[in-house]
Amino acid sequence: SPAAPPVPALRLGPDEWLIVGERAQEADILNRLRQVMAGQRAQILDVTASRTTIEISGAGATELLSKGCGIDLHPRVFLPGQAAATILARTGVILHLTDAAPVWRVFVRASYARYLRDWLTTALAHH
């Protein structure tokens, strides 16, 4: 199993990482990963264009996400820095708790972003 990448990354599984960086750093990140992983059995894919990030924060953020998510997001269980691939409102997402405030990043396929935004807006209105 390869070591953690030399860049900011979310561990999604034993051998799967999602690199999170600024768009301007894309080429540098890809080059660094290719250098580090050279000679190892690895696949590096640029998924920049396929995902959109929605940030949700504030006192009711965790409760809002819990309405459409089957995993336990309670602060005693899901700690800042953790990430999980899961289903939110019948949509595959990656949830990342960036701060205990709480601040959540929701990585969703671009083709589902509008649907998820609308679901979140409706769920918030009934919150």
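What's counted below: heavy atoms across the whole structure, side chains too, no hydrogens, waters or symmetry copies. Everything numeric here is computed off the predicted structure, so don't read it as measured data.
- In this structure, Ala42 and Met37 approach most closely via the heavy-atom pair CB-CE, 3.5 Å.
- Between Ile44 and Ile19, the closest side-chain pair of non-hydrogen atoms is not below 4.5 Å.
- The side-chain heavy atoms of Leu79 and Leu97, taken from C-beta on, include no pair separated by under 4.5 Å.
- Clustering ILVMFWY residues whenever any of their side-chain heavy atoms sit less than 4.5 angstrom apart, transitively, puts Leu124 in a cluster other than the one holding Val103.
- For the atom pair Ile56 CD1 and Leu120 CG, the distance stands at 4.5 Å (nearest 0.5 Å).
- Put simply, the side chain of Glu63 never gets that close to the backbone of Gly60: no donor and acceptor are under 3.5 Å apart.
- Contacts of Ile87 classified as side chain to side chain contact (heavy atoms under 4.5 Å, CB included), with partners at least two apart in sequence or in another chain: none.
- Minimum interatomic distance between Ile94 and Ala83 (heavy atoms only, all atoms of both residues): CG2-CB, 4.5 Å.
- Residues that satisfy the side-chain hydrogen bond (donor to acceptor under 3.5 Å, both in side chains) test with Trp104, not counting sequence neighbours, are Thr62.
- For the pair Ile29 and Leu33, the minimum side-chain heavy-atom distance is below 4.5 Å.
- Of all heavy-atom pairs between Ala49 and Ala110, the closest is O-CB, 4.2 Å.
- Considering only residues two or more places apart in sequence or on other chains, Asn31 meets the side chain to side chain contact (heavy atoms under 4.5 Å, CB included) condition with Arg34.
- The distance from atom CG of Leu88 to atom SG of Cys69, rounded to the nearest 0.5 Å, is 6.0 Å.
- The CZ atom of Arg11 lies 10.5 Å from the CD atom of Glu16; values are rounded to the nearest 0.5 Å.
- Each side chain to side chain donor-acceptor pair (under 3.5 Å) pair with one or both residues in residues 108-121, not counting sequence neighbours, would appear here, but there are none.
- For Asp28, the side chain to side chain contact (heavy atoms under 4.5 Å, CB included) partners at least two apart in sequence or on another chain are Arg32.
- A donor-acceptor contact shorter than 3.5 Å is absent between the side chain of His96 and the backbone of Thr98.
- Here the CD1 atom belonging to Ile54 is positioned 4.5 Å from the CG atom belonging to Leu116, to the nearest 0.5 angstrom.
- Screening residues 43-59 for side chain to side chain donor-acceptor pair (under 3.5 Å), with sequence neighbours left out, gives Asp46-Thr48.
- Put simply, CG on Leu65 and CD1 on Ile71 are 9.5 Å apart, with the number rounded to the nearest 0.5 Å.
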